[in-house]
Amino acid sequence: GAVVSQHPSRVICKSGTSVKIECRSLDFQATTMFWYRQFPKQSLMLMATSNEGSKATYEQGVEKDKFLINHASLTLSTLTVTSAHPEDSSFYICSASFPRPGAGEYTEAFFGQGTRLTVV
Amino acid sequence: AQKVTQAQTEISVVEKEDVTLDCVYETRDTTYYLFWYKQPPSGELVFLIRRNSFDEQNEISGRYSWNFQKSTSSFNFTITASQVVDSAVYFCASTGGFKTIFGAGTRLFVKA
């Protein structure tokens, strides 16, 4: 299957600083990438959808000025948590997808390993 | 709107018991995918199975089996002869369009 690499796997930062998380598709071109957030013992909640070269679409309740998403190329999307606070501590996971021939717009997503962010 | 319901929050079994994890989905799409993922304590998502909406055949892979029934909008997952290493959180998910929506997850404890 397709490989998605996420970096870093763990990061600790001070309150008020910004943190950038990278999501790369290693062996395919990802037309669409997704960012999820998972709080302890909870499910994965979709934060935003990004298409290469266009602005991300954020889910309701997600602050777009706080969670900056850039999808500048078909193999890289970044999530920047700006002015991080302890309540932003969470597990962030990205996924990437691409249209499959004959499958129309429906395709599976391939997930990165996740980034555990701790804001102190 | 898409929705995935995993009614079982936690399940605890003794090793070698069979266990079934339930998943009920809602979607307005005629074409969609259903998935099961395993999330061990390390956090990464481990892909287990994908099923598209046109394929209702059940599937068996080793100790794992899946029962997809469109009539009841269910996609249940059974682990036969459970092992301690099966302890994890299991997520059922649905993809319609491009979005993958996850259920709340079922935490499985397998005791030796």
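The chains referred to below are lettered A, B, ... by the order of the sequence lines, with proteins before strands, and numbering in each begins at 1.
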request  = Output the option from B/Glu44, B/Gln39, B/Arg107 having the highest count of non-hydrogen pairs under 4.5 Å with chain A.
outcome  = B/Gln39
query = Taking atom CZ of A/Arg10 as the centre, does the number of heavy atoms from other residues, nucleotides or ligands within less than 6.0 Å exceed 12?
reply = no
query = If you draw a 6.0 Å radius around CG in A/Leu26, do more than 12 non-hydrogen atoms from other residues or ligands fall strictly inside?
reply = yes
ask   = Above 12 or not: heavy atoms from other molecules or residues under 6.0 Å from NZ of A/Lys20?
value = no
query = Out of B/Gly105, B/Ala93, B/Gly103, which one racks up the most heavy-atom pairs below 4.5 Å with chain A?
reply = B/Gly103
task = Would you please test B/Phe102 and A/Tyr36 for ring pair (Phe, Tyr, Trp, His ring centres under 6.0 Å) and show each step?
result = CA-CA 10 Å; B/Phe102 287 81; A/Tyr36 293 83; 5.5 Å; yes
Most chain B-contacting option - heavy-atom pairs closer than 4.5 Å, from A/Glu59, A/Met45, A/Arg116, A/Gln6 = A/Glu59
request  = Please indicate whether A/Lys66 has more than 12 foreign heavy atoms, meaning atoms of other residues, nucleotides or ligands, lying under 6.0 Å from its NZ.
outcome  = yes
request  = Could you identify which residues cluster with A/Ile21, counting Ile, Leu, Val, Met, Phe, Trp and Tyr as linked when any side-chain heavy atoms lie under 4.5 Å apart, either directly or through a chain of such contacts?
outcome  = A/Val11, A/Val19, A/Trp35, A/Met47, A/Tyr58, A/Val62, A/Phe67, A/Ile69, A/Leu79, A/Val81, A/Tyr92, A/Leu117, A/Val119
message = Assigning hydrophobic clusters by single linkage (Ile, Leu, Val, Met, Phe, Trp, Tyr; side-chain heavy-atom cutoff under 4.5 Å), is A/Leu76 placed with A/Phe110?
response = no
message = Under 4.5 Å from any heavy atom of chain B, what part of A/Gln38 do you find: side chain, backbone, both or neither?
response = side chain
task = Check whether more than 12 heavy atoms from other residues, nucleotides or ligands sit under 6.0 Å from atom CD of A/Glu87, and answer yes or no.
result = yes
request  = Measure centre to centre between the rings of B/Tyr37 and A/Phe111, then say whether the value is under 6.0 Å.
outcome  = yes
note = All heavy atoms of B/Ala104 vs all of A/Ser43, minimum pair found to be CA-CB, 3.7 Å
query = Rounded to the nearest 0.5 Å, how far does CZ of A/Phe91 lie from CG of B/Leu45?
reply = 7.0 Å
request  = Evaluate the side chain to side chain contact (heavy atoms under 4.5 Å, CB included) criterion for residues B/Phe91 and A/Leu44: first the C-alpha distance (whole Å), next the side-chain angles of each, then the deciding distance (0.1 Å), finally the verdict.
outcome  = CA-CA 9 Å; B/Phe91 290 100; A/Leu44 284 78; 4.0 Å; yes
